[in-house]
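Take a look at the structure below.
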Amino acid sequence: VDVHFEWRATFANADVNALHAAGFDHAVLDVDWKGQVERHSLGWVCAFDAGCLVGFVNVAWDGGVHAFVLDTLVETARRRHGIGRGLLDMAVRESRAAGCEWLHVDFEEDLGDFYVAACGFTPTPAGLIALR
Ligand SMILES: CC(C)(COP(=O)(O)OP(=O)(O)OC[C@H]1O[C@@H](n2cnc3c(N)ncnc32)[C@H](O)[C@@H]1OP(=O)(O)O)[C@@H](O)C(=O)NCCC(=O)NCCS
């Protein structure tokens, strides 16, 4: 695959909304991803193929040394070609370059092969409360 990865790339909200709807199996929403990540995130990675957005990951931040991977998304038809791994590789490099000491992620059991085996995360206990 001739995919180009870019940190803090310009993207269209509609493209991330389409990836999110397909990736998390919900209707296409009208979320202002650009406004959100520009205001709150350490950064984000876009994967482009011939100018089309085929992957995205949001790297949230505590303002200090902790960064958090959220919303890892690869276009359905392009999965299992290393794009997800490429997104995470760049997220790791850029978080380190920004001075962060830890990159966190949480995920469901079946994605252990992706985050742990393929992307190099160490499994650790984590907790979560559904607030709504
Ligand atoms: C999870 C996701 C981002 C992976 O992207 P991808 O581009 O397919 O991943 P890669 O091709 O880089 O995968 C690298 C390796 O990780 C593992 N892997 C990837 N997807 C996997 C899955 N769904 N289940 C189990 N292992 C998986 C495989 O070992 C794979 O190597 P292989 O294809 O040679 O077997 C993609 O499936 C996706 O967008 N899913 C829907 C949204 C989602 O659940 N995001 C994660 C939220 S925490």
Side-chain angles (χ1 to χ4, degrees):
V1 273
D2 186 21
V3 173
H4 160 76
F5 296 92
E6 197 179 332
W7 177 246
R8 297 185 68 100
T10 299
F11 64 86
N13 283 329
D15 293 339
V16 175
N17 278 309
L19 285 182
H20 206 281
F24 295 113
D25 200 25
H26 60 72
V28 179
L29 305 174
D30 187 21
V31 175
D32 179 16
W33 286 98
K34 220 168 126 46
Q36 257 178 239
V37 297
E38 279 172 359
R39 277 197 304 276
H40 302 291
S41 291
L42 178 69
W44 58 93
V45 183
C46 291
F48 296 102
D49 186 3
C52 293
L53 189 74
V54 295
F56 178 84
V57 68
N58 180 13
V59 183
W61 189 33
D62 73 340
V65 298
H66 295 270
F68 300 80
V69 167
L70 294 169
D71 308 303
T72 312
L73 291 162
V74 172
E75 190 187 318
T76 314
R78 309 296 304 273
R79 291 182 191 162
R80 307 304 285 257
H81 287 93
I83 297 173
R85 191 189 158 151
L87 291 169
L88 270 296
D89 283 349
M90 182 166 275
V92 169
R93 282 200 307 278
E94 293 291 343
S95 301
R96 186 178 287 128
C100 286
E101 293 177 11
W102 297 99
L103 185 63
H104 305 247
V105 69
D106 64 56
F107 49 85
E108 290 181 3
E109 201 81 46
D110 61 340
L111 283 179
D113 279 350
F114 174 65
Y115 286 109
V116 177
C119 297
F121 286 83
T122 300
T124 174
L128 192 63
I129 293 176
L131 298 174
R132 287 192 203 183

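Atoms within a ligand are numbered from 1 in the order they appear, just like the ligands themselves.
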Using a strict 4.0 Å cut-off to heavy atoms of I83, name the atoms of ligand 1 that fall inside it. 7 (O), 12 (O)

Heavy-atom pair of closest approach, residues V54 and R78: CG1-NH1, 3.7 Å

Looking at non-hydrogen atoms alone, which of E109, R85, E75 comes nearest to atom 12 (O) of ligand 1? R85

G82 to ligand 1, any heavy atom closer than 4.0 Å: yes

Who gets closest to atom 30 (C) of ligand 1 by heavy atom: H81, E108, R80? R80

Could you tell me whether F24 and ligand 1 have an N or O pair separated by under 3.5 Å? no

Can you tell me how far apart NE2 (H26) and CG (N17) are? Round to the nearest 0.5 Å. 8.0 Å

Taken to the nearest 0.5 Å, the spacing of H81 NE2 from E75 CD works out to 11.5 Å

Can you name the closest pair of heavy atoms from R85 and F114 and give their distance? N-CE1, 3.7 Å

Quick look: D110 vs ligand 1, heavy-atom contacts under 4.0 Å, and the answer is backbone

Nearest heavy-atom pair of S41 and W61: which atoms, and what distance? C-CB, 4.4 Å

Show me the donor-acceptor pairs, under 3.5 Å and distance only, between side chains in residues 95-112 and residues at least two apart or in other chains.
from: S95; atom 1: OG; to: A91; atom 2: O; distance (Å): 2.7
from: H104; atom 1: NE2; to: H66; atom 2: ND1; distance (Å): 2.7

Answer yes or no for atom 16 (O) of ligand 1: protein heavy atom present at a distance under 4.0 Å? yes

Would you say D32's side chain and G35's backbone share a donor-acceptor pair under 3.5 angstrom? yes

When distances are taken from atom 7 (O) of ligand 1, the protein heavy atom at minimum range is G84 N, 2.8 Å

Going through the checks in order, is the side chain to side chain contact (heavy atoms under 4.5 Å, CB included) test met by W33 and L19? CA-CA 12 Å; W33 286 98; L19 285 182; over 6 Å; no

Nearest-neighbour protein heavy atom for atom 4 (C) of ligand 1, which is reported as residue plus atom name and distance: F114 CE1, 3.8 Å

I need the nearest protein heavy-atom contact for atom 45 (N) of ligand 1: residue, atom name and distance, please. T72 O, 2.7 Å

Could you tell me the residue and atom name of the protein heavy atom closest to atom 14 (C) of ligand 1, and the distance to it rounded to 0.1 Å? A118 CB, 3.8 Å

Which residue owns the protein heavy atom closest to atom 26 (N) of ligand 1, what's the atom, and how far is it? D113 CB, 3.5 Å

Approximate separation, where rounding is to 0.5 Å, of F11 CZ and E6 CD: 11.5 Å

On a heavy-atom basis, the closest approach of N58 and G43 is OD1-O, 3.7 Å

Can you see which heavy atom on F5 is nearest to which on L87, and at what distance? CE2-N, 3.5 Å

Below 3.5 angstrom, do we get any N/O pair linking D106 and ligand 1? no

Assess the side chains of D71 and H20: does a donor N or O sit below 3.5 Å from an acceptor N or O? yes

Nearest non-hydrogen protein atom to atom 5 (O) of ligand 1, with distance, is V74 CG2, 3.5 Å

In terms of atom number and element, which parts of ligand 1 are under 4.0 angstrom from non-hydrogen atoms of L73? 39 (O), 42 (C)

Regarding ligand 1, does G23 bring an N or O atom to under 3.5 Å of one of the ligand's N or O atoms? no

At what distance is the nearest protein heavy atom to atom 23 (N) of ligand 1, and which residue and atom is it? L111 CD2, 3.6 Å

Counting only heavy atoms on the protein side, is anything nearer than 4.0 Å to atom 2 (C) of ligand 1? no

Could you tell me whether Y115 and ligand 1 have an N or O pair separated by under 3.5 Å? no

Write out the residue and atom name of the closest protein heavy atom to atom 38 (C) of ligand 1, then the distance separating them to 0.1 Å. R79 NE, 3.4 Å

